[in-house]
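These notes are about the structure you will find just below.
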Amino acid sequence: MCSGNSTLESYREVAPKGAVDLVYKLAKGLKGRSILHVNSTRLGGGVAEILHRFIPMFKELGISADWKVMEGSPLFYKTTKSFHNALQGQRQNIMPEMYDEYKKVNKKNARDISFDAEIVVIHDPQPAGLIVRKLKKSQWLWRCHIDISRPDRKVWYFLKDYVSRYDGAIFSLASFAQKLSIPQYLIYPSIDPLSDKNRELSKKEINAVLERYTIPTDKPIILQVSRFDRFKDPLGVIEAYKLVKKYNDCCLVLAGGGANDDPEGEQVLNGVKEATSYDKDIFVIDLPPDSNVEINALQRAATVILQKSTKEGFGLTVAEAMWKGKPVIGGAVGGITVQIIYGETGFTVNSIEGCAYRIRYLLNNPEDSALMGQKAKEYTRRNFLIIRHVCDYLALMAALLNVYGSLLYEDRAVSFYRRGIVVEFQPALQFPLYVRRSVPKVL
Amino acid sequence: MDQFDFKGCIEIKELLGKKADDELQLLELIEEVPIDSIYYHTHSYFLRHPYIAGPYPNDFANWVAIQVRDRVLGEKLASVTSEQFKSLEEIRLELAAIIDNHLSMIHIIPSVVYGQPFYFMKSRIIEVPTDVRVSTFREFKEALKTIDASAIYNHIFEARLRVRRGRSDFSIWLEEALSKKELARKFEMVDSYMYSLEGLRNKLLELCEGEA
């Protein structure tokens with residue numbers, strides 16, 4: 001599914017100017033240092049996908065990188081699935097024996113896994129309990145990939161006991177930060193531009209996919225790729241399309257998966273099929289997992305791409321779409337708001353009407369749409385590609401291992417002194433030197 | 001002749017776990033947060049937006065204008081750029097004074113209704129040697145075309161704050177090492193707050209055109 005043999009050099013053509021060189025230079029000071037990643041699965045899911053890419057890249061840079069996967073019982077995975085849902089705000093019924101199983105499995109894995117690395121990165125809640133084996137000489141980071149902005153308090157407090165013992169936590173969005181006594185870092189996730197889902201495709205490959213799904217090529221395509229999940233608002237997308245259709249001849253493609261293993265997903269998919277049965281220009285495609293080339297082709301063929309979510313984690317489908325040079329219209333929620341710069345790389349919208357209006361705008365202003373798509377691609381190149389992601393991890397490693405010295409602004413002023421550079425170091429002004437005028441109360 | 005040593009930089013973004021839902025909370029937190037948070041939301045804004053500059057050149061102005069939908073305060077905060085101030089504490093003071101003054105003239109505290117809260121962050125910058133050293137103007141021009149955008153940030157925005165000479169590393173080197181006073185003056189005249197880093201790269205290269 002990924003171009004497994006891609007080396008750092010192969011990213012030079014797609015990465016921003018100088019970015020690959022910066023990675024080499026940054027890694028220079030980290031040669032011979034070690035990092036270990038631990039998660040709960042080697043196959044499937046975004047974490048495994050990114051680690052498959054990271055490990056060879058870090059090794060190529062001379063860093064000793066390793067990846068270990070914890071093992072658990074069916075009850076453990078049932079428990080952590082419930083944790084996952086609860087941390088994302090869904091009410092779950094978690095029995096005391098499930099908490100016990102979580103502790104037991106983590107303890108066992110803590111004994112079995114060798115944590116002999118300077119930096120240990122533990123991914124997601126499943127292996128968070130491994131912290132009980134933390135060695136004093138190493139630094140441990142908890143990397144949280146899920147949206148825990150409104151977690152179920154009981155589950156979060158259980159997990160927080162473990163998380164507080166780490167040296168730092170990494171979140172994907174500022175809104176996911178929690179009240180913790182440890183440093184919390186922000187690292188955005190990324191897409192791999194050389195993977196099947198994002199690599200360049202030939203016209204032939206794109207047309208083959210359109211033909212397979214009998215999608216017409218003589219009218220603009222409005223596309224949303226996402227799981228059939230009510231938070232992705234597929235019914236809202238259909239309503240927006242209906243409003244657009246009054247003025248513009250176009251077709252709508254709703255492509256996604258996830259309905260097979262999720263009873264609610266099946267319900268949503270049935271609802272979508274029912275709502276679209278009357279219109280031959282709406283195509284509902286239930287994609288099997290690993291339909292990467294198909295998704296890539298649909299995105300490249302689309303005129304406007306939507307991600308009209310009403311609740312979203314990071315929503316990397318937006319970056320994937322922008323990488324294909326398409327403007328994206330997305331719900332103003334979660335990570336969509338950091339990917340879409342309003343009016344520059346697309347539009348964030350808050351309603352069905354707003355979504356329809358912006359689709360009409362893009363369909364009727366192809367030059368603006370093309371320019372926005374071009375900006376969207378450049379913005380993605382600089383912010384959401386794997387090279388930036390590697391760079392962020394290297395920088396954090398360097399900071400934790402104190403490879404490049406003092407980093408904070410105040411400290412830097414002092415360190416420049418030490419290096420013999422003249423600076424006017426001013427100690428912080430003491431508030432309240434500033435006298436507050438009367439301010440009205442919040443109404 | 002002195003060499004010019006290009007240095008890039010990388011920012012580590014740290015979350016403070018503090019957020020503002022209205023302009024009064026924003027003011028109180030601006031007064032309270034570590035100075036590296038003021039740096040993050042004003043100065044290093046450009047490092048995070050190398051290709052597209054947002055509507056205003058700092059996070060506070062953008063949040064107030066877009067999320068709170070208070071265009072008036074947004075415009076006032078947008079005018080705070082680091083070149084006018086000697087230190088980040090002065091910037092903090094100016095931001096606080098502008099918000100306070102604004103709040104004292106209106107009858108309600110504008111708050112987020114449909115938008116997102118303001119999340120305070122903190123910035124740590126790592127300076128990374130690029131091993132690109134140039135001695136001649138021709139080499140400088142060539143390096144400027146391909147160097148990572150973070151080096152442009154480091155030698156223009158960061159340099160002004162770092163050495164408090166109010167000038168970029170580029171113009172100091174052009175004047176002192178190459179005796180290109182006029183070009184150095186032109187470099188200083190560029191209103192860097194009106195460009196993204198890539199836009200700034202193009203502008204500087206444009207100024208270099210025609211120079212031998």
Side-chain angles (χ1 to χ4, degrees), chain A residues 16-19 21-22 25-26 28 171 174-180 183-187 332 337 341-342 344-345 350 375 378-379 381-383 391-392 394-396 398-399 403-404 407-410 412-413 416 421-424 426 428-429 431-434 436-443, chain B residues 8 10-17 19 22 24 27 31-32 34-36 39 48 50-52 54 66 86-90 92-93 96-97 100-101 103-104 106-109 111 114-117 119 121-131 145-151 162-164 198:
Chain A
K17 279 177 199 165
D21 289 324
L22 198 72
K25 301 301 173 200
L26 184 57
K28 216 171 163 183
F171 294 101
S175 58
F176 299 170
Q178 295 294 318
K179 285 202 185 318
L180 288 168
Q184 300 178 68
Y185 304 101
L186 175 71
I187 295 184
T337 56
I341 301 179
Y342 188 89
E344 297 280 347
T345 64
N350 301 280
K375 285 183 178 179
E378 286 311 310
Y379 188 62
R381 190 192 305 282
R382 280 161 176 82
N383 294 286
C391 222
D392 282 350
L394 292 174
L396 193 51
V403 171
Y404 291 96
L407 306 165
L408 289 169
Y409 172 76
E410 286 166 8
R412 264 185 288 147
F416 281 120
I421 299 168
V422 179
V423 290
E424 297 162 32
Q426 294 182 335
L429 285 179
F431 282 97
L433 271 183
Y434 166 68
R436 170 74 51 81
R437 296 190 192 109
S438 62
V439 282
K441 298 271 178 232
V442 180
L443 293 179
Chain B
I10 291 174
E11 180 179 50
I12 295 174
K13 304 173 187 85
E14 213 174 300
L15 301 151
L16 293 181
K19 62 173 183 158
D22 63 50
L24 183 57
L27 166 62
E31 290 177 331
E32 177 192 315
I35 198 65
D36 289 281
Y39 176 91
R48 294 190 299 281
Y51 180 71
I52 299 166
I66 294 165
K86 275 189 181 170
S87 73
L88 286 166
E89 286 297 351
E90 282 184 25
R92 188 208 297 264
L93 194 60
D100 188 27
N101 193 34
L103 291 180
S104 67
I106 54 178
H107 301 293
I108 54 160
I109 304 279
S111 63
Y114 295 109
Q116 296 196 328
Y119 295 98
M121 311 272 298
K122 187 165 105 174
S123 188
R124 286 163 171 251
I125 299 283
I126 296 185
E127 199 176 67
V128 187
T130 63
D131 291 349
K145 282 179 194 166
T146 55
I147 201 80
D148 184 76
S150 71
R162 189 197 314 136
V163 289
R164 310 268 168 77
E198 288 298 338

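Numbers restart at 1 for each chain; the letters A, B, ... are given by sequence-line order, proteins then strands.
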State, to 0.1 Å, how close B:G8 and B:T130 come at their nearest heavy-atom pair, and which atoms those are.
-> N-CG2, 3.5 Å
By side-chain hydrogen bond (donor to acceptor under 3.5 Å, both in side chains) - contacts of B:K13 (at least two apart) = none
Contacting region of A:P183 [heavy-atom separation from chain B under 4.5 Å] | both
Between B:I10 and chain A, which part of the residue has a heavy atom less than 4.5 Å away: side chain, backbone, both or neither?
-> side chain
Max heavy-atom pairs within cutoff under 4.5 Å with chain B, candidates A:I187, A:T337, A:D21, goes to A:T337
Non-neighbouring partners of A:N350 that pass side-chain hydrogen bond (donor to acceptor under 3.5 Å, both in side chains), sequence neighbours left out = none
Identify the two heavy atoms, one from B:E31 and one from B:A96, that lie closest to each other, and give their separation to 0.1 Å.
-> CG-CB, 4.3 Å
From the list B:E32, B:K145, B:Q116, the residue making the most non-hydrogen contacts under 4.5 Å with chain A is B:Q116
